[in-house]
Amino acid sequence: MLALDHLIIAANDPEKAAQQFAQKYGVKVIQGGEHHNWGTYNYLFYFKNDCYLEWLGIFDEALARKSGNPLIHQLVKALDNHVEAPIQYALRTNQIDAYIAHFNAEDISYNGPIPGSRKRTNGSTLNWRMLFPLSESTALPFLIEWGTEKNVPEDNDLINEQKLHTVMTPHDVQAYSLRVENGAVNLENASLFIKQGKNLTFTFA
């Protein structure tokens, strides 16, 4: 079963946006790191149910604009349009090659897998792969498969007690052959509700 991995929030100043969130809800956020190949960097909020929020911003606009990563294209477009809000989310899998075979069999276009990495504060490197099914009408959620280490904080005290229960999304998830019942998809650690409109929103407690 797929799991909700993380939800991406476009931010001109990820540190400021994350700190405002932390003050509003009385939670802990931390600095993530830089993605040197894409010109981006992030701040993170970890939920108890094995997922997180990512405030994603740009430190090198020229590099971000020429990136071949669809997520970075989406971020650039959002910030160009003065949108600072949730823009995308990732579904976690440990079988990304099986999904490539599935997309090929179903004649679903995709971009990837795209490798990613960043240095952690302890000097170790996080590695992952991203797979983007393509649609002309909307930006679909993407798949992420972590390498030997998953993106969890080095200190468990930085994992907040709150759980991300629900993501309300206008994105179509048919490409993943997920079972939709009464507009909802049950993931390993959260629920998706498919709704009309353009906004991506979430609830937690």
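Because the structure is predicted, anything quoted here is derived from the model rather than measured.
Cluster annotation: Ile58 is connected to Ile72 through the hydrophobic network of ILVMFWY side chains, with a link wherever side-chain heavy atoms come within less than 4.5 Å. In the hydrophobic cluster analysis, where Ile, Leu, Val, Met, Phe, Trp and Tyr join through side-chain heavy atoms closer than 4.5 angstrom, Leu158 is grouped together with Trp146.
Contact of the Leu126 side chain with the Glu149 side chain is registered, since non-hydrogen atoms from C-beta on lie closer than 4.5 Å. Side chains of Ile144 and Asn151 form no contact here, defined as non-hydrogen atoms less than 4.5 Å apart. Counting heavy atoms from C-beta outward, Ile100 and Pro113 have side chains that approach closer than 4.5 Å. Looking at Val167 and Phe193, their side chains never come closer than 4.5 Å, going by heavy atoms from C-beta outward. Counting only heavy atoms from C-beta outward, the side chains of Phe21 and Leu53 approach each other to under 4.5 Å. At least one side-chain heavy atom of Val29 sits under 4.5 Å from a side-chain heavy atom of Gln19. In this structure, the side chains of Met130 and Leu71 come closer than 4.5 Å at one or more pairs of heavy atoms. Looking only at side-chain heavy atoms (C-beta outward), Pro133 and Phe103 come within less than 4.5 Å of each other.
Residue Phe204 is tested with Tyr52, Tyr46, Tyr25 for a ring-ring contact (aromatic ring centres under 6.0 Å, His included); the sole match is Tyr25. Remark: of the listed residues Leu91, Leu143, Asn104, Ile108, Leu143 is the sole one forming a side chain to side chain contact (heavy atoms under 4.5 Å, CB included) with Tyr99.
For Asn49, the side-chain hydrogen bond (donor to acceptor under 3.5 Å, both in side chains) criterion is met by no residue, not counting sequence neighbours. Applying the side-chain contact (heavy atoms from CB on, under 4.5 Å) criterion to Pro86, with sequence neighbours excluded, gives Leu7, Ile9, Leu200, Phe202. Residues passing the ring pair (Phe, Tyr, Trp, His ring centres under 6.0 Å) test with Tyr43, sequence neighbours excluded: none. For Ile194, the side-chain contact (heavy atoms from CB on, under 4.5 Å) partners two or more places apart in sequence, or in a different chain, are Thr169, Val173. Residues satisfying the side-chain hydrogen bond (donor to acceptor under 3.5 Å, both in side chains) criterion with Tyr176, sequence neighbours excluded, are absent altogether.
Taking the six-membered ring for Trp and the full ring otherwise, the centers of Phe142 and Phe132 sit less than 6.0 Å from each other.
Remark: side-chain polar atoms of His102 are not paired, donor with acceptor, to backbone N or O of Ser177 under 3.5 angstrom. Looking at Glu84, its side chain does come within 3.5 Å of a backbone N or O of Asn12 through a donor-acceptor pair. In terms of modelled atom types and a separation under 3.5 Å, the side chain of Asn189 and the main chain of Ala3 share no donor-acceptor contact. With hydrogens and angles ignored, the 3.5 Å screen pairs no side-chain donor or acceptor of Asn127 with any backbone N or O of Pro115. For the pair Gln20 (side chain) and Glu15 (backbone), a donor-acceptor distance under 3.5 Å is absent. Looking at Arg118, its side chain never comes within 3.5 Å of a backbone N or O of Asn42 through a donor-acceptor pair.
Within the structure, the ring pair (Phe, Tyr, Trp, His ring centres under 6.0 Å) test picks out the following pairs touching residues 64-90 (sequence neighbours left out): Tyr89-His171.
Between Asp97 and Arg129 there is a salt bridge, since a side-chain N of the basic residue sits under 4.0 Å from a carboxylate O of the acidic one. Checked for salt-bridge contact, Asp157 and Lys28 miss the test: no charged N lies under 4.0 Å from a carboxylate O. Under 4.0 Å is where a charged nitrogen must lie from a carboxylate oxygen, and between Arg65 and Asp60 no such pair does. Between Lys150 and Asp5, none of the side-chain N atoms (NZ, or NE/NH1/NH2) sits under 4.0 Å from a carboxylate O, so this pair counts as no salt bridge.
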Ile114 vs Trp38, side-chain contact (heavy atoms from CB on, under 4.5 Å): CA-CA, chis, key distance, verdict: CA-CA 12 Å; Ile114 296 173; Trp38 306 329; 4.3 Å; yes
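Using a 30° and 60° split on the angle between ring planes, His35 and Trp128 fall in the perpendicular class, above 60°.
Annotation for Lys195: atom NZ counts as buried by contact number, over 12 foreign heavy atoms lying within 6.0 Å.
Of all heavy-atom pairs spanning Leu63 and Gly39, the tightest one is CD2-N, 3.5 Å. Residues Lys48 and Lys163 come closest through the heavy atom pair CB-CG, 4.1 Å.
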